[in-house]
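Labels below follow one simple rule: chain letters A, B, ... track the order of the sequence lines, proteins then strands, and each chain is numbered from 1.
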Amino acid sequence: MPSLTLLGQSVLGGIFVGSLYGLLGLGLSLSWGMLRQINLAHFALAFLGAYLTYQLAGVGGMNPLLTLVVIVPAFFVFGVCLHALLSRFAISPFNSLLVTFGLTVMIESLIQSLWTADYRRLDSAYSLMKFKVGSLYVPFPELLTLLLAILLSGATWAVLRYTDLGKAMRAAAEDGPIAAAFGVNERRLALLLSGFSAALAGVAGLCLALSYTLAPSQIYAWIGVVFAAVMIGGLGNPLGPLVAGVVIGVSEAVTMALTAPAWAPLVSFSLLILVLLTRARSI
Amino acid sequence: MLDVGAIRVAYGAATALWDVSIQVEAGELVSIVGPNGAGKTTLINAIAGLNRIASGRLDMDGVDLSRLPPHRFCDQGIAIVPEGRRLFTTMTVRENLELGGYRGAARAGRQAALDRVLAIFPILAGRLDAVAGTLSGGQQQMVAIGRALMAEPRLLLLDEPSLGLAPSIVLDMFAVIKRINQAGVAVLLVEQNVAMALEVAGRAYVLEEGRIAAEGAPQDLLAQPHIRRAYLGEHGA
Amino acid sequence: MRLPAPVWILGAGLLLATLPLLGLPAFYESFLYLVFYWVVLATSWNILSGYSGYFSFGHGAFFGAGMYTTVTLTASYDLPFLWSLPAAALVAALLGVGIGGVVFRLQRLRGELFALLTLAVTFVLATLILNTPIDGGPGVSLAAVPVPMLFTSLSSTFYILALALAVATLLIARGIYHAKLGTGLFAIDDDEDVAEVMGVPTFRYKLLAFAVSCGLAGIAGGIHAMFVSYVTVGETFSIMVPLTVVLMSVLGGSRHWLGPAVGATVITCLLYGFTAGNYPVAGRAAVGLILVVVILFLPSGVLGRLVPRRRPARPTTASPTTTAPAMVPPAVAAAEARGLPAAQEPLLELRSLSKAFKGVQAVAGIDLDVRRGEILGLVGPNGSGKSTTINLVSGHYHADGGQIRFEGRNLAGQPAHRMARAGIARTYQIPRPFAHLSVLQNVALPARFGRAGLDRAAAFDEAWYWLEFTGLAGKAEALPADLNLHQRKFLELARALASKPSLLLLDEVLSGLTPGEIDHAIRTIRQIRDLGATIVFVEHVMRAVMELTDRIVVLNYGRVIAEGRPDEVMGRDDVVTAYLGKAHA
């Protein structure tokens, strides 16, 4: 049995990892739930964002947080273009999965040709910064991830819940033609939402770059568990991925602390299977 | 006011409407009757911008609707109560009604419009924060009509408002439709309940297999034996 | 003369089997091994996923299960390598059956949800293997396991094994494609509910296809374990295996048995070409680009675009002029029981049948008899429970309570394909043809799977007969999308008739037809009745109800409110009120 401090540190680590699951899952959940597009390329995009942060901050010497000024608008435009392409061909959700897998492989190849397959690590003033709370250590990059995840998920939720824009988006997601009949410019909102999702990938990329070592092959390591968080959290629900992500992150961390690190994936994927089975039954 | 001239609508290879022409003047209540699959819903959806027309004229007060994107149709004063209601079932009643008044011109007067809708359907006042999908069929129909009224339309399109409702509620619903019309809103009504549709209408069209088969005052249409037999199910009349 | 495809496959296989005799460098054999390996994986995946539309992302799990079965049996239990292969197939197939047995019972778990679930299973299996002595973490080396020399060299041995498996897999995939199983799977892809109602045992078929698909992947895994000779969890259960397999099948065309093999060959050669030219990264990017382009511009794949659909020949027995029932199919003629004393005994008895949806009681305890040889009209306002009753009797929905006694047997709670085999057929109010099957294939399907249970040739003859009968013979080769509403309604009718039912449920076959078409349809329905079928007729067109029915049952709010001869029932005030909304002028 590990000590209480160790367990506490594990739980804290689980919360931090879970918040990154949530941040990665937020864009995925929005485009799946509201645009019916399963954007596998979201992960590759996040890694592209991470590498760009690495390049601008690590090599170019920019403040890592300032790289968002470049990355977020660029990714927004990418997301808009992606949706324009996918909606032009009116493809099914399943085919959107395949197309974006193709995109994933292309982005991965791009990353590999620009930055090689070697591991890269961003060294910045933030990487080693940490606070001590009681007997627990709180590293700054992870704390930043948690704060960004809470902020962005909460803001998305509030916009969708309380503003005319958000309500129009929800209406268009449920019945686009009828929403249009009441004056909602469905197409423009969809482009906006897709751009926003891609921009979220850019933000998640910053968090990846600050906390993790990067390699092109790592793109695939996140897919399974983030999909689990998205499914468990409920498609299109902006708070779902964060809550589910933290639940998964903490369960993984506790599992790792109590057994062996290699058992961790069992938790998220068993949860995903259970959620899929019960969801199918209840619909 | 509404001038539909020889429009054609096709789904892929199949043509659903062949050169259909109808007119609705300001303040009129016009019914369209006809069998299932005759193209009634296709016609009303084309007027609301839900279907694109392949050819023909679609004018509202001289504005050519066929050139507008779907989300601009409502700016011309058109609002629809679609077949099967098609509420935003995961949103609340209030949100559904607010969405009805989403268009720029209606947004400022939304509170007043909401009060008017609640005056017509007082029962909705207590259900404003309920999720629309949990309402009964009759209440959902009220929300659908209320949502369309929130857009402050000059022309209200109603597609099968009585579908799936109990007979007593159907009577109430038609009373409401009459009231709305008397308040100055033109109504274009598609209805399978032919007896009711002809009773409330000032004028009616019979649509058969994508074509207008007859047009005229309800009593004239009712006098035609072929229509009595086909739509009222009278045997040997 | 055209040789049949199995001869081609076997001939090509034998020809390729002589390749090691040429004494080529081992490198060529290894390259071709990889081609065959991917052909097997993609083709086996396609047997379930391509044919039935249940796209699995879990093929890596079954491939991996086979791999680790061979690893464990050879490295830990000293079983000879070749003997481990049947075990690998068995373990993978059992795993598939286990998963399918749970998942296929859930109606809604299709499309991306099925893909995700199977992917999750892959990772769960990987974690289990990684953390148990099966692997334990570092991977397992098979260097010490002897490989039998089937040929001159080790590389030739693997080459021959993979070739043999590829030939066998293609033969199996082609066999299933043309067999009853394949027909059923394609129908499941188009419309699973309708397939079940027409007599396809959907659950059993999906399970069988899954087992075959997984078993073949398992053998491929077993062979590949020995080929790579060092097996790790990370490589085996990577997400790349299922994604590559899906890519290959979609590229080649997943609705054709040969499509995945074409896709696998192209992709493997392409990747190899880039790798050999020292551009492996560009090769991957090219594969990604191809996937994007194919899905956007060629969604049915290369073969789906190039290969024309099969055209069964028109039989000589049915002449184009047969529209009157002069040529009665034997089964229907035998059932001609009208007028006999037995005709009054009920064919179908419903007893306190009920069904609710989300708390709304759609059918609230219906008691109803349908007598042999009669046309029973089922009428009532919208939402009165007519269609729900049809859906219950045809097995489309399961009743909450009550009995459905058909020819004395209670069928309530049985799967829909049992109802079809017992002799109940139906039409859908909104026609639901199988979109990717020709009109002829649409009609032949129930003849094969329904009560008649005909073989392939007889089913097509039967289909031709009913196409003539309904006047659709000229459209036999067309796809349902090319038909107008009237023709689709008659296609529904032809499909229902082709199963030679003893009870025919017609759900608003006349709605949307013009008066002239209605007259034609009424004559057709009379002819069907004269052939001996019993008909339950749901209809809004009152003229047809009055002209056609022997007896009428009126429903309102899910209950029977009146029953009797059409003219007397429709004259009753309460019926008029319920039906027309109010007493009309």
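Between C/Leu117 and A/Phe269, the closest side-chain pair of non-hydrogen atoms is not below 4.5 Å. You'll find the side chain of C/Leu113 reaches within 4.5 Å of the side chain of A/Met231, heavy atoms only. Within the 4.5 Å cutoff, the side chain of C/Leu296 has heavy atoms near those of the A/Leu85 side chain.
Heavy-atom pairs under 4.5 Å with chain A peak, among C/Leu128, C/Val287, C/Leu119, C/Leu247, at C/Leu128. Between chain A and the residues C/Val294, C/Leu243, C/Val124, the largest count of heavy-atom pairs under 4.5 Å involves C/Leu243. The choice from A/Ser270, A/Pro93, A/Ala221, A/Ala262 that makes the most heavy-atom pairs within less than 4.5 Å of chain C is A/Ala262.
A distance of 13.0 Å separates CG in A/Leu110 from CZ in C/Arg284, rounded to the nearest 0.5 Å. Within the model, atoms CG of C/Asn131 and OG1 of A/Thr259 stand 7.5 Å from one another, a figure rounded to the nearest 0.5 Å. For the atom pair C/Phe123 CZ and A/Ile273 CD1, the distance stands at 11.0 Å (nearest 0.5 Å). Expressed to the nearest 0.5 Å, how far CD1 of C/Ile295 lies from CG of A/Leu86 amounts to 11.0 Å.
At a 4.5 Å heavy-atom cutoff, the contact between A/Leu97 and chain C is made by side-chain atoms alone. Neither the backbone nor the side chain of A/Ile107 comes within less than 4.5 Å of any heavy atom of chain C. For a residue to count as touching a neighbouring chain, one of its non-hydrogen atoms must lie under 4.5 Å from one of that chain's; by this rule C/Val250 touches chain A with the side chain only. With a 4.5 angstrom heavy-atom cutoff, C/Ala115 touches chain A only via side-chain atoms. For C/Val281, the parts sitting under 4.5 Å from any heavy atom of chain A are the backbone and the side chain alike. Only the side chain of A/Ile38 comes within less than 4.5 Å of a heavy atom in chain C; its backbone stays farther off. In this structure, the portion of C/Leu130 lying under 4.5 Å from any heavy atom of chain A is its side chain and not its backbone.
Summarising the local packing, CZ of A/Arg187 is surrounded by 12 or fewer heavy atoms from other residues, nucleotides or ligands at distances under 6.0 Å. Annotation: C/Ile430, atom CD1; neighbour count of heavy atoms from other residues, nucleotides and ligands within 6.0 Å does not exceed 12. Other residues, nucleotides and ligands contribute over 12 non-hydrogen atoms within 6.0 Å of the CZ atom of A/Phe89.
For C/Ala120 against A/Leu272, the heavy-atom pair with the smallest separation is CB-CD2, 3.8 Å. Between C/Leu291 and A/Gly102 the shortest heavy-atom distance is CD2-N, 3.6 Å. Across C/Ala285 and A/Ser109, no two heavy atoms sit closer than the pair N-OG, 3.2 Å.
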